[in-house]
Amino acid sequence: MKTFKLGGVHPEENKISANKAIEVFPLPEKVYVPVSQSLGAPSKVVVEKGAVVKTGQLLAKGESFISANVHCPVSGKVTRIDDIIDSSGYKRQAVYIDVAGDEWEESIDRSPDIIYEISADRDTIIKKINEMGVVGLGGATFPSHVKLMVPDGKKAQYLLINGVECEPYLTADHRLMLERGEEMLIGTAILKKALGVEKAFIGIERNKPDAIEHLSRLCAKFKGIEVMPLKVKYPQGGEKQLIKAVVNLEVPSGKLPIEVGCVVNNVGTAFAVYEAIQKNKPLIERVVTVTGKSVLNPANFLVRIGTPVSLLIERAGGLPEDTGKVISGGPMMGKALTSLEVPVVKGTSGILIMPGQESKRTTVLSCIRCGRCITACPMGLEPVLLAQLSESQLFEKAEKEKIMDCIECGSCHYTCPAGRPLLDYLRLGKNKTGLLIRNRGKK
Amino acid sequence: MSLLTISGSPHVHTQQSVKSIMYGVVIAMIPAIFVSVYFFGIDAARVMLISVLGCLFFEWVIQKYLIKGPVTINDGSALVTGILLAFNVPANLPWWILIIGALVSIGIGKMSFGGLGKNPFNPALVGRVFLLISFPVQMTSWPMPKALFAEGITDAITGPTTLGIIKEGLSAGKTIQEIMASPDFPGYLNDMMGVQGGSLGEISALALLLGALFMFTRKIITWHIPTAYIGSAVIFSGILWLIDPTQYIDPLMHLLAGGMILGVFYMATDMVSSPMTARGQIVFGVGAGLLTILIRVWGAYPEGVSFAILIMNAFTPLINSYFKPKRFGEVVKHG
Ligand code: SF4
Ligand code: SF4
């Protein structure tokens with residue numbers, strides 16, 4: 001069984017919600033839609049306060065190359081355009097909408113019929129994906145059309161679809177593969193066409209045997225798409241790790257996957273691409289796992305973007321008594337929320353509620369030089385050294401030791417027996433080192 | 001609702017802690033502890049008790065009254081040092097020498113550098129070598145274990161270690177074959193089971209290997225250092241043995257006699273004083289293996305494990321900065 005070679009850890013999987021079917025979340029009364037939900041430049045609001053809006057209507061337009069459109073997830077009235085604290089903890093501009101009815105743009109095909117025939121050509125596909133605001137749904141939220149525009153001199157050879165979902169607890173992608181597998185595969189075929197590649201692989205860890213079996217069966221209908229079962233190891237969902245695991249190529253330090261002829265997309269993204277191209281539907285909803293050891297009814301909800309997280313938690317049985325921490329995302333890379341009123345955004349893959357006693361960090365002891373963080377690092381870095389360099393502000397040295405290659409997967413911190421907050425230091429060091437590099441470029 | 005905890009990712013942590021690692025090592029040493037009590041009787045228990053209590057006591061005193069910092073004697077590391085020190089001395093060592101050993105191990109070997117994690121040398125070995133140099137007579141008079149399944153306790157019969165017999169024999173001009181044929185010579189099986197003269201914990205290769213197996217399965221140690229160490233020792237001693245089997249003992253005898261197994265699995269693998277990367281650990285192991293055989297064959301002492309490991313400990317910082325892990329994307333492959 002294939003996997004990536006360097007490093008990696010095996011956190012407890014805790015996929016509590018794995019057999020909970022996707023449930024359509026009821027329309028909320030209000031939504032808050034942040035206008036920048038993707039990596040890259042913020043988008044420009046195109047509606048005004050007081051405007052009556054329809055589901056699927058454009059709310060904010062991405063104006064630079066790397067930015068994405070944002071659409072109205074509900075119908076109703078715009079009450080405010082104001083800042084909101086989002087799940088990243090930063091203030092962002094958002095459109096506040098009071099929901100009324102559920103009136104959709106006529107151009108959107110809402111029938112449940114699956115459309116197999118891909119009539120759009122390459123350019124139309126890319127243009128449409130851009131228009132429909134599709135971004136990477138695995139968490140990085142990189143605008144999807146950008147990935148499809150292969151730079152001159154490079155050639156795409158493989159399309160990899162990421163169905164790994166290596167974060168513990170999360171099951172949204174797993175459910176999507178089981179319940180919307182066919183659409184997801186059509187989306188994959190569309191991406192294949194846009195890239196002009198012969199071969200697409202869907203990487204799935206073998207802790208999801210049902211998804212592997214289901215998709216393998218469906219794949220028979222699609223030319224050049226193959227399921228690739230992978231050994232369970234975190235962080236296999238990292239782009240570079242997935243490429244290494246599936247096609248055994250190493251993306252060079254500081255380079256993008258296209259350097260080795262690969263483009264990686266998440267299964268959720270492939271599904272969103274299907275909807276955008278075949279159904280004319282912009283990205284206005286996504287599957288979100290709500291889970292945790294003390295959560296009464298862990299669930300996978302199909303939620304409109306902008307829905308407050310507090311509503312999701314309520315529907316999953318309410319906030320448990322012993323709650324200590326609420327995380328947007330998984331336990332390895334997710335962000336701890338400061339407030340439960342933050343809205344679901346395109347990058348929200350799950351809401352994880354952790355009990356109090358698991359929320360506190362262990363006491364930090366001195367480093368015992370065991371090297372376990374080095375063994376765990378999937379990028380072959382020396383977290384213990386990089387943390388020291390960051391602490392002593394030796395960023396030039398840290399750059400030479402490849403601090404910028406760190407993918408912030410948290411394996412080092414997870415594994416340190418002395419409980420050292422290695423990733424805290426690394427994030428700081430990466431920030432400072434990045435600044436150093438950019439300033440140097442200016443001179 | 002009470003306040004939410006905010007902290008950076010990751011939000012989960014492995015079960016393995018410094019404490020669980022240290023107590024894991026202690027558990028691994030239990031078979032060897034039993035074997036030592038079986039063969040050396042109450043003397044062995046006495047030595048271990050004094051050594052452990054001494055180490056814990058000095059760690060406590062130094063942390064509480066000299067450093068005036070947090071006291072960490074329950075993290076298990078001083079306990080490990082105490083048992084290892086006891087494992088490295090003869091069972092009839094006077095109590096006051098043991099106390100000195102504990103003081104040197106903890107005070108000089110560990111605390112003077114700033115405590116656990118900052119010590120460049122394995123503390124138990126620092127104590128042992130100090131004692132060996134300061135009290136050579138007491139440190140090399142080995143009580144003989146009673147024979148396997150024999151009744152009664154051993155009295156104050158002392159004798160040389162297997163390696164000592166060989167070294168003496170060779171310098172008296174005998175060949176290895178003549179030495180091994182003598183009735184005093186323990187032989188392979190006895191060395192394996194523990195019927196040989198030696199320090200407390202080194203006599204039974206079998207008990208030590210059992211504990212090592214436990215440490216592997218619990219992921220307390222990895223294969224790199226032990227494999228490289230044994231590999232290089234076997235190859236080096238094997239070459240010598242092939243050149244002249246009358247003057248050099250065979251690799252198996254090297255492994256079973258003396259402190260090789262104890263050193264390889266329990267002291268060379270000490271994470272604080274050994275390199276951090278897989279590559280570095282292999283270099284460390286190879287170096288220690290070579291030095292051990294070198295010292296055993298040509299050195300002044302019959303045994304070389306302690307010195308070999310301490311010397312490699314000294315090279316550890318250099319190895320760490322020279323043998324980097326393999327970086328991802330380092331070898332650019334165009335496929
Ligand atoms: S967070 Fe960075 S340094 Fe730590 S294991 Fe992941 S890639 Fe390596
Ligand atoms: S895992 Fe922790 S204790 Fe071990 S070397 Fe890394 S930082 Fe030090």
Side-chain angles (χ1 to χ4, degrees), chain A residues 6 9 11-12 168 240 244 247-253 255 260-261 319 323-327 329 331-338 352 354 356 358-362 365-371 374-375 377-382 384 402 405 408 410 413-415 417-419 421 423-424 427, chain B residues 1-22 24 69-70 72 75 77 114-120 219-222 224 269-281 316-317 320-321 323-335:
Chain A
L6 277 184
V9 290
E12 262 183 69
K240 294 184 174 183
K244 178 73 185 171
V247 289
N248 196 23
L249 293 171
E250 271 186 34
V251 180
S253 159
K255 294 283 164 48
V260 291
L319 200 68
T323 299
K325 199 191 259 183
V326 180
I327 297 158
M332 292 301 286
M333 291 184 80
K335 273 224 154 199
L337 294 178
T338 47
L352 168 61
M354 291 188 86
E358 285 184 31
S359 306
K360 297 274 180 314
R361 284 184 169 175
T362 47
L365 306 172
S366 336
C367 168
I368 51 169
R369 289 186 284 173
C370 63
I374 300 175
T375 313
C377 180
M379 297 307 291
L381 307 177
E382 293 160 276
V384 49
K402 300 278 180 204
D405 279 0
E408 302 185 29
H413 184 165
Y414 168 85
T415 210
L423 186 48
D424 289 359
R427 268 191 286 253
Chain B
M1 186 186 76
S2 56
L3 275 179
L4 294 175
T5 310
I6 306 299
S7 56
S9 61
H11 307 283
V12 281
H13 197 263
T14 164
Q15 294 298 312
Q16 202 176 48
S17 63
V18 172
K19 226 174 167 166
S20 77
I21 293 172
M22 292 300 172
T72 59
D75 70 8
S77 67
L116 181 66
K118 307 210 172 63
N119 48 302
K219 297 201 163 67
I220 293 170
I221 58 174
T222 59
H224 305 87
T269 54
D270 168 39
M271 45 199 182
V272 176
S273 52
S274 65
M276 295 193 282
T277 67
R279 290 179 188 181
Q281 289 172 354
T316 293
N320 272 335
S321 59
F323 292 91
K324 296 280 175 185
K326 186 202 166 293
R327 309 274 193 223
F328 187 98
E330 181 182 56
V331 192
V332 184
K333 266 189 266 168
H334 288 287

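Note on naming: letters A, B, ... go to the chains in the order of the sequence lines (proteins, then strands), and numbering restarts at 1 for each one.
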| field | Which atoms of Ile6(B) approach chain A - backbone, side chain, both or neither, heavy atom under 4.5 Å | value | both
| Is it the side chain or the backbone of Leu423(A) that comes within 4.5 Å of chain B heavy atoms, both, or neither? | side chain
| task | Identify the heavy atoms of Ser366(A) and Ala418(A) that sit nearest to each other, and give their distance. | result | O-CB, 3.5 Å
| said: Heavy-atom cut-off 4.5 Å, strictly under: side chain, backbone, both or neither for Leu352(A) against chain B? | reply: neither
| request: Let me know if Thr338(A) has heavy atoms under 4.5 Å from chain B in its side chain, its backbone, both or neither. | output: both
| said: Evaluate Glu12(A) against Val12(B) for side chain to side chain contact (heavy atoms under 4.5 Å, CB included), listing each step before the verdict. | reply: CA-CA 9 Å; Glu12(A) 262 183 69; Val12(B) 281; over 6 Å; no
| Donor-acceptor contact below 3.5 Å, side chain Arg369(A) vs main chain Val384(A) | no
| said: Using 0.5 Å steps for rounding, measure from the CD1 atom of Ile220(B) to the OG atom of Ser20(B). | reply: 7.0 Å
| said: Heavy-atom cut-off 4.5 Å, strictly under: side chain, backbone, both or neither for Val9(A) against chain B? | reply: neither
| query | If you count heavy-atom pairs under 4.5 Å with chain A, which of Ser9(B), Gly117(B), Gly115(B) comes out on top? | reply | Ser9(B)
| task | Indicate yes or no for a side-chain donor-acceptor contact from Thr5(B) to the backbone of Lys360(A) under 3.5 Å, with no hydrogens or angles considered. | result | no
| query | If you count heavy-atom pairs under 4.5 Å between each of Pro168(A), Cys377(A), Ala336(A) and chain B, which one has the most? | reply | Ala336(A)
| request: Tell me, out of Glu382(A), Met333(A), Lys255(A), who's got the most heavy-atom pairs with chain B below 4.5 Å. | output: Glu382(A)
| task | List for me each residue that meets salt bridge (charged side-chain N to carboxylate O under 4.0 Å, His left out) alongside Lys335(A), sequence neighbours excluded, and say none if there are none. | result | none
| task | Flag the one option from Thr375(A), Ile327(A), Asp424(A) with the top tally of heavy-atom pairs under 4.5 Å to chain B. | result | Ile327(A)
| chain B heavy atoms under 4.5 Å from Pro421(A): which part of the residue, side chain, backbone, both or neither? | neither
| field | Residue Cys370(A) versus chain B: region with a heavy atom under 4.5 Å | value | both
| remark: Here the gap from Met354(A) atom CE to Leu4(B) atom CG, rounded to the nearest 0.5 Å, amounts to 13.0 Å
| said: Would you call the rings of His13(B) and His413(A) parallel, tilted or perpendicular, taking 30° and 60° as the class edges? | reply: perpendicular
| Which heavy atom in Gly280(B) sits nearest to a heavy atom in Pro275(B), and how many Å separate them? | O-CG, 3.5 Å
| query | Does any heavy atom of chain B fall under 4.5 Å from the side chain of Met332(A), the backbone, both, or neither of them? | reply | both
| Where do Pro10(B) and Gly410(A) come nearest, in terms of heavy atoms and distance? | CG-O, 3.5 Å
| query | chain A: which of Met271(B), Met276(B), Lys118(B), His11(B) shares the most heavy-atom pairs with it under 4.5 Å? | reply | His11(B)
| Side chain, backbone, both or neither: which part of Asn320(B) has an atom under 4.5 Å from a heavy atom of chain A? | backbone
| For Ser274(B), is it the side chain, the backbone, both, or neither that has a heavy atom closer than 4.5 Å to a heavy atom of chain A? | backbone
